[in-house]
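For reference, the structure is listed below as structure tokens.
Quick caveat, the model's predicted, so the values are computed rather than measured. Labels below follow one simple rule: chain letters A, B, ... track the order of the sequence lines, proteins then strands, and each chain is numbered from 1.
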Number of protein chains: 2
Amino acid sequence: MSYSIGQVAEKTGLSAYTLRYYEKEGLLPYVQKNASGLRIYNEDDISWLSMIECLKATGMPIKEIRQYIEWYKEGDATLSKRLELFRKRRLTVEQELSKLKKILGKVEFKIRLYEKAVAAGSLEAANNSEEINQLREELFGDPNYFPEVEEKKAV
Amino acid sequence: MSYSIGQVAEKTGLSAYTLRYYEKEGLLPYVQKNASGLRIYNEDDISWLSMIECLKATGMPIKEIRQYIEWYKEGDATLSKRLELFRKRRLTVEQELSKLKKILGKVEFKIRLYEKAVAAGSLEAANNSEEINQLREELFGDPNYFPEVEEKKAV
DNA sequence: ATATACGTTAGAGCGTACTCTATATCAAGG
DNA sequence: CCTTGATATAGAGTACGCTCTAACGTATAT
């Protein structure tokens, strides 16, 4: 099965512009062209694209993705470099996950605070409530810790 | 306690350039200046900065952070808008978390694959091994699912 | 055969978030 | 007073990842 650039764009959610850009940047070294110069993508190209999307989702910049692809093209001589690369990606993703979990806690605290504020019609009232201070202590281990202390500010 | 821009840069890890840029973009509307025009940051400014860092970590662009700050300045009339904003942030973070967990699974699969490939000296051998195919099935529910099928490609 | 839709290239442009430069002023120690 | 180092401003420049334009070629239905 083969696909035009438009069909691949449809399938992947990437624009045709982006597909050509990736190719220009060396991320899709295997895309064939027919006699008239039109790109013909096959299943393997689609698979490469899903690999690229995976690496991008780990926060990897395009230059480094190209590096991976170049190593891939060099064959088994670069296996350990590629292993190393994936281990670094794992670390990055793990760090991002733990960062985001903390952030989620803070956002959830804010939601509770603002739910109470909306109910009370006053941020100040919610912010000084027993419930919120207790929550603050539970979440941040300190009733005096205000990750969003700006609410206390006299404006 | 008050701080110079350099001290705040030190404390927060942001550059002085970035601090001025944030101010210009309306993210730090309360920073005072002394008679000579030098910025004097106080604890509340630091707190705003940590709020900004939190919102940035949720993927929020600077323009929207400014919107939040403008709503904050308008007082209790905008409480429900701000609640809504935090609920959207929660959704964004939850989606990002679930995406990253899937990505981590794929990266871990790759690590196992490459560990085996390094041991065998051949990606092809690892890729066709019983163990890897079993893992593929465990992880992706399909022994024929190849999220990185490019390894099968004849290069 | 021609209209229309889709594809090609090279290269310019854009949005975001900084980051730096040039030039000038400020603050503190010797 | 003078030097040194931090800070001020306006505005230019950078890096990244696209995104689009212009001018032209291809494919296909009527």
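For A:Tyr22 and A:Trp48, the distance between ring centers is not under 6.0 angstrom.
A:Gly26 and A:Arg66 get closest at one heavy-atom pair: O-CG, 4.1 Å. Contact record, A:Thr78 with A:Trp71: OG1-O, 2.6 Å, taken as the closest heavy-atom pair.
For DNA chain C, the span of nucleotides reached by chain B at under 4.0 Å from its heavy atoms goes, 5' to 3', from C:dT16 to C:dA27.
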Legend entry - Residues B:Glu74, B:Lys81; criterion salt bridge (Lys or Arg N to Asp or Glu O under 4.0 Å); working and verdict: CA-CA 11 Å; B:Glu74 289 170 27; B:Lys81 284 178 182 173; 5.3 Å; no
Legend entry - Audit row: B:Arg136, B:Glu131, salt bridge (Lys or Arg N to Asp or Glu O under 4.0 Å) steps and yes/no: CA-CA 9 Å; B:Arg136 233 190 285 274; B:Glu131 186 196 320; over 6 Å; no
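In the helix from C:dA1-D:dT30 to C:dG30-D:dC1, the terminal helix axes, each the rotation mapping four pairs' C1' atoms onto the next four within five end pairs, subtend 10°, rounded to 10°.
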Taking N or O atoms only and anything under 3.5 Å, show me the protein contacts with nucleotides 3-7 of chain D, one pair per line.
unit_1: D:dT7; atom_1: OP1; unit_2: B:Ser4; atom_2: OG; d: 2.9
unit_1: D:dT7; atom_1: OP1; unit_2: B:Gly6; atom_2: N; d: 2.9

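If you measure from atom CD of A:Glu64 to atom C1' of D:dA15, you get 14 Å, rounded to the nearest angstrom. When the P atom of D:dA12 is taken as reference, atom OH of B:Tyr21 falls 16 Å away, rounded to whole Å. With rounding to whole Å, A:Lys33 atom NZ is found 14 Å from D:dT26 atom C1'. Between the P atom of D:dG17 and the NZ atom of A:Lys56 lies a distance of 7 Å, rounded to the nearest Å. Separating the NZ atom of A:Lys24 from the P atom of D:dC20 is a distance of 14 Å, rounded to the nearest angstrom. D:dA8 atom C1' lies 11 Å from atom CG of B:Asn34, rounded to whole Å.
Between the side chains of B:Ser47 and B:Ser50, no donor-acceptor pair is found at a separation under 3.5 Å. Judged purely by distance below 3.5 Å, without hydrogens or angles, the side chains of B:Gln7 and B:Tyr41 never pair a donor atom with an acceptor atom.
Salt bridge A:Lys106/B:Glu53: absent, no basic N to carboxylate O contact under 4.0 Å. Between B:Glu108 and A:Arg90 no salt bridge is recorded (no basic side-chain N to carboxylate O distance below 4.0 Å).
Taking NZ from B:Lys88 and CD from B:Glu84, the interatomic distance works out to 4.5 Å, rounded to the nearest 0.5 Å. Rounding to the nearest 0.5 angstrom, the gap separating the CD1 atom in B:Ile65 from the OG1 atom in B:Thr58 is 7.0 Å.
Dashed line: the shortest gap from a side-chain N or O of A:Tyr17 to OP1 or OP2 of D:dT21 is not under 4.0 Å. Remark: A:Ser36 is in phosphate contact with D:dA27, judged by side-chain N or O atoms under 4.0 Å from OP1 or OP2.
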